[in-house]
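Okay, so here's the structure we're looking at.
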Number of protein chains: 2
Amino acid sequence: MIRSDATRNRAKVLAAAELVLGEQGLTARMDEIARRAGVGVGTVYRHFATKEALYAAIVTARVDLLLQQADRLRTTGEPATAFFTFVTRIVVDATTKKALTEALRDAGIDVKAGRSDQRTRMHEALTALLQDAQRAGAVRPDVDMPTVLALLRGASLAAESGDYPVPVLDRALAVLFDGLRPRPA
Amino acid sequence: MIRSDATRNRAKVLAAAELVLGEQGLTARMDEIARRAGVGVGTVYRHFATKEALYAAIVTARVDLLLQQADRLRTTGEPATAFFTFVTRIVVDATTKKALTEALRDAGIDVKAGRSDQRTRMHEALTALLQDAQRAGAVRPDVDMPTVLALLRGASLAAESGDYPVPVLDRALAVLFDGLRPRPA
DNA sequence: GAAGATATGGAACCTGGATTCCGGTTGTCA
DNA sequence: TGACAACCGGAATCCAGGTTCCATATCTTC
């Protein structure tokens, strides 16, 4: 039987970790996370065998969220906005969630444990969105997934590094998107 | 009097460090650098007071090189190619020199010690190239330096992370450049 | 080629931070 | 409520890497 306080603490740790990891990325310290959760390090370790495991838990959850959004956008019918919105969302996410970006390396995760199916799923989701957008003539037909991924990753990394004010990021993204659109002959 | 073997070793350390830092970035270990230089750690420390100082020395040198190239390009007369070539050069550089990219944070250096004038110089060089290109109608007039820097940084970071084959990076850069060009009405 | 100054190698030391351990608490169940 | 298992906190332990130290080896100079 799992004790009630245990579940409660687990949640607190998760929440604190999400916060701290978002702020400091992979360099965040375990005791800092514990402190913010109002809990001892021991407790953190009781719930997550290792720092990496803790990260994995968080990243996994977040990626799942993104995947859901991708699905929803896809069924919205508007391929052009679906694609650009999703990409934007990823980048914006990166602004806050340092750890996520790290883990987003090549559109997925490889944070050890099996979870690599997420990587595939994310890849598939993006491919679908891209192809739809291309079919709709909203994205030039000659860019492929790897290229998009590289750009996306670059944007996320830049965003993640934090010292850019939002408007600058917006403008940068705008430029990038313009580059992705088909040239008007 | 500086002993001849001392200068020789200094050079060896510098060379090894440039190599190792290029490969592994800031996480490179001091003893690895020493090993590759065929020297003891003590010797490394005799020449560079601290890991950071060693990095600074290398980055400074490299940025100086880039600055020279910027100058040369600028006087070449072709504003459009000058700008795009320079940007490309920086990104390509990033492919090999992890440490550099790190340090290139917002177009400069702040690796502690004073050297921050390089930051200014790099910034000036880029601004000059950008403005020239804009005046020549090769870059849309509505992008500003911060935006370019953000994009540049993103590209460098992506490139730095290494797992992209050259052609992908080329294509990504092409897209980015297209975004920077003025839209043909 | 001897003396003194300067360098060298690399073992020892130190520090920050992850992980482990365990005496003391608290939730659960009868 | 009592007994016991599941949990807790956080001090102690471990470990990886940076940095220091110094006995020994190399220059340089006279």
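Every chain is numbered from 1 and lettered A, B, ... according to where its sequence line falls, protein lines coming before strand lines. Nothing here was measured: the structure is a model prediction, and the numbers come from that model.
Of the residues in residues 4-17 of chain B, those lying under 4.0 Å from DNA chain C by heavy-atom distance are Asp5(B), Ala6(B), Asn9(B). Scanning residues 32-46 of chain A for heavy-atom distances under 4.0 Å to DNA chain D yields Gly38(A), Val39(A), Gly40(A), Val41(A), Gly42(A), Thr43(A), Arg46(A).
Between Val91(B) and Leu169(B) the shortest side-chain heavy-atom distance does not fall below 4.5 Å. At least one side-chain heavy atom of Gln24(B) sits under 4.5 Å from a side-chain heavy atom of Glu32(B). Considering only heavy atoms from C-beta on, Leu54(B) comes within 4.5 Å of Ile33(B) through its side chain.
Within the nucleic acid shown, Arg29(A) comes within 4.0 Å of sugar-phosphate atoms alone, with no base atom in reach, counting heavy atoms only.
Look at Thr50(B) and you'll find a side-chain N or O under 4.0 angstrom from OP1 or OP2 of dT19(D). For His47(B) and dT8(C), the shortest distance from a side-chain N or O to OP1 or OP2 is below 4.0 Å.
Distance Met1(B) CE to dT26(D) C1': 15 Å, rounded to the nearest Å. With rounding to whole Å, Arg3(B) atom CZ is found 11 Å from dT29(D) atom P. The interatomic distance linking Asp31(A) (CG) with dG16(C) (C1') rounds to 10 Å, in whole Å. Straight-line distance from the CD1 atom of Ile2(A) to the P atom of dC8(D): 11 Å, rounded to whole Å.
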Check the pair Val148(B) / Val175(A) against side chain to side chain contact (heavy atoms under 4.5 Å, CB included), numbers first and verdict last.
CA-CA 9 Å; Val148(B) 171; Val175(A) 168; over 6 Å; no

Take Leu67(A) and Met122(A), measure what side chain to side chain contact (heavy atoms under 4.5 Å, CB included) needs, and give me the verdict at the end.
CA-CA 6 Å; Leu67(A) 284 171; Met122(A) 178 62 103; 4.2 Å; yes

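Taking 4.0 Å as the cut-off between side-chain N and carboxylate O, Asp178(B) and Arg140(A) count as a salt-bridged pair. A salt bridge links Arg36(A) to Glu23(A): at least one charged side-chain nitrogen sits closer than 4.0 Å to a carboxylate oxygen.
At least one test fails for Arg89(B) against the ring of Phe84(B): distance under 6.0 Å to the centre or angle within 45° of the axis.
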